[in-house]
Protein chains: 2
Amino acid sequence: MTRMHKENTLSKNQQIIFDLIDKSPEPLKAYTILFNVQKKGINAPPQVYRALDKLVAIGKIHKIESKNAFVACKNSDCEISKATAFSICESCEMVDEISDAKLSRYLSSFNHKKGMKFKRFNLEFFGLCKKCK
Amino acid sequence: MTRMHKENTLSKNQQIIFDLIDKSPEPLKAYTILFNVQKKGINAPPQVYRALDKLVAIGKIHKIESKNAFVACKNSDCEISKATAFSICESCEMVDEISDAKLSRYLSSFNHKKGMKFKRFNLEFFGLCKKCK
DNA sequence: TTACATAGTGTTATATTATAACAATTCTAA
DNA sequence: TTAGAATTGTTATAATATAACACTATGTAA
Ligand SMILES: [Zn+2]
Ligand SMILES: [Zn+2]
Ligand SMILES: [Zn+2]
Ligand SMILES: [Zn+2]
């Protein structure tokens, strides 16, 4: 029997960092996070990156690869970050997680001609948001 | 009348760096490129990054965002990097540019509910390639 | 062919993003 | 209670990317 650890509860640092990201209207960068949690006793980059790595792994946050920044997951359907899609405004930096079941199904069932079976995808759309148009 | 500059010809540094990327069977990172072109007189990071920026802008190469690495474009249809898709092996790091007209059409015509009109997308699929399966 | 604009180069320094390594502590399941 | 797993705290360093400035090369138009 493999040992199981408690799920669904975040450690102290993970909770602090998740709360910050979850409250933020925009993606946060690791060193912005670090700066903002120093008052709570998190002093060094590894503490931030470890929490971020874990939060990404359990699907509570996602990394926006084109911005090296992190957003809280707003989509219970993205099943632990296996299928993520975002819309990104090139002017105001706004990022919005897309939850579109049809798109997700379409991409999840996409099979590469060259025989590769996909486990996961990440899609980033770029444009101008309503406000910036 | 707006002045036009010559197109299609790469500068010396751009050509050196493009050739290196184009010959490479795998994505190359900026500092790997730097190391490999020092014998040709390119000595400093800005020289590499400027060439990379330009090559990306004109669609000769693409950046694999999840790897901070660059590949030559193998797809004349991706119309200056407006619509890019890649398959990435999580084991051997192999990256392959996907050229699938149907997928490209589907995503290019995708419209976000929230009123955003997309100009560009980048899609990265992850899995195990044939060899690593 | 001269003059101007644009693009590209070379260089030094520095900013930003991310990880290695190690000791200590806390949590969890049996 | 105890051993394994996860988390923490810390210092140092690696890896990725840009700022700033002086200069050179190239294409265009008059
Ligand atoms: Zn999500
Ligand atoms: Zn906007
Ligand atoms: Zn391409
Ligand atoms: Zn592989």
Side-chain angles (χ1 to χ4, degrees), chain A residues 1-21 24 26-71 93 95, chain B residues 1-21 24 26-71 93 95:
Chain A
M1 182 62 176
T2 72
R3 295 186 179 204
M4 295 292 290
H5 276 254
K6 190 162 53 164
E7 275 159 34
N8 303 322
T9 59
L10 300 178
S11 75
K12 174 173 138 285
N13 288 0
Q14 289 160 13
Q15 188 70 57
I16 290 168
I17 287 172
F18 175 73
D19 288 344
L20 184 69
I21 296 170
S24 172
E26 64 204 3
L28 292 180
K29 289 170 164 273
Y31 278 72
T32 304
I33 292 167
L34 176 56
F35 178 79
N36 279 283
V37 297
Q38 283 182 329
K39 56 179 96 74
K40 306 222 173 184
I42 296 174
N43 302 301
Q47 296 175 291
V48 172
Y49 281 101
R50 283 189 298 228
L52 291 173
D53 286 350
K54 187 63 192 288
L55 291 167
V56 166
I58 64 178
K60 299 282 286 180
I61 66 173
H62 302 301
K63 182 173 186 179
I64 308 301
E65 294 287 356
S66 61
K67 300 173 81 70
N68 297 318
F70 299 85
V71 296
E93 312 282 281
V95 169
Chain B
M1 184 62 175
T2 72
R3 297 181 179 208
M4 296 291 291
H5 276 254
K6 191 163 57 165
E7 275 157 37
N8 302 323
T9 59
L10 300 179
S11 74
K12 176 173 139 285
N13 288 359
Q14 289 160 14
Q15 189 69 59
I16 290 167
I17 287 172
F18 175 73
D19 287 345
L20 184 69
I21 297 171
S24 172
E26 65 203 3
L28 293 179
K29 290 172 163 269
Y31 278 74
T32 303
I33 293 166
L34 176 56
F35 178 79
N36 279 283
V37 296
Q38 283 183 329
K39 54 179 98 69
K40 306 225 173 182
I42 297 176
N43 302 301
Q47 296 175 289
V48 173
Y49 281 101
R50 284 190 295 228
L52 290 173
D53 288 350
K54 186 64 192 290
L55 291 167
V56 166
I58 64 179
K60 298 281 287 179
I61 66 171
H62 302 302
K63 182 173 186 181
I64 308 300
E65 295 286 357
S66 60
K67 301 173 82 70
N68 297 320
F70 300 84
V71 295
E93 313 281 282
V95 169

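Numbers restart at 1 for each chain; the letters A, B, ... are given by sequence-line order, proteins then strands.
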- salt bridge (charged side-chain N to carboxylate O under 4.0 Å, His left out) pairs, two or more places apart, involving residues 27-54 of chain B: none
- Query: Reckon A:Asn68 has a side-chain N or O less than 4.0 Å from the OP1 or OP2 of D:dT16?
  - Reply: no
- Name every residue in residues 45-56 of chain A that has at least one heavy atom under 4.0 Å from any atom of DNA chain D, in order of residue number, or write none if there are no such residues. A:Pro46, A:Gln47, A:Arg50, A:Lys54
- Message: Taking side-chain hydrogen bond (donor to acceptor under 3.5 Å, both in side chains) as the definition, give me every residue that meets it alongside A:Ser24, ordered by chain and number, with sequence neighbours left out.
- Response: none
- Task: Under the side chain to side chain contact (heavy atoms under 4.5 Å, CB included) rule, collect the residues that match up with B:Lys60, sequence neighbours excluded.
- Result: B:Leu10, B:Phe18, B:Leu55, B:Ile58
- side-chain hydrogen bond (donor to acceptor under 3.5 Å, both in side chains) involving A:Asp19 - partner list, sequence neighbours excluded: A:Gln15
- Item | Residues in side chain to side chain contact (heavy atoms under 4.5 Å, CB included) contact with B:Ala44, at least two apart in sequence or another chain | B:Pro46, B:Gln47
- Message: Under 4.0 Å, heavy atom to any atom of DNA chain D: which of residues 11-21 of chain A qualify?
- Response: A:Ser11, A:Lys12, A:Asn13, A:Gln14
- Message: Among residues at least two apart in sequence or on other chains, which ones pass side-chain hydrogen bond (donor to acceptor under 3.5 Å, both in side chains) with A:Thr32?
- Response: none
- To the nearest 10 degrees, what angle separates the axes at the start and end of the helix from C:dT1-D:dA30 to C:dA30-D:dT1, five pairs each? 50°
Taking only distance into account, with no hydrogens and no angle test, what donor-acceptor pairs under 3.5 Å do side-chain atoms of residues 63-70 of chain B form with protein atoms, sequence neighbours excluded?
from, atom 1, to, atom 2, distance (Å)
B:Ser66, OG, B:Glu124, OE1, 2.7
B:Lys67, NZ, B:Glu93, OE1, 2.9

- Which residues in residues 30-43 of chain B have at least one heavy atom lying under 4.0 Å from any atom of DNA chain D? B:Tyr31
- Message: Applying a 4.0 Å non-hydrogen cut-off, can you work out what B:Lys63 is touching in the nucleic acid: base, sugar-phosphate, or nothing?
- Response: sugar-phosphate
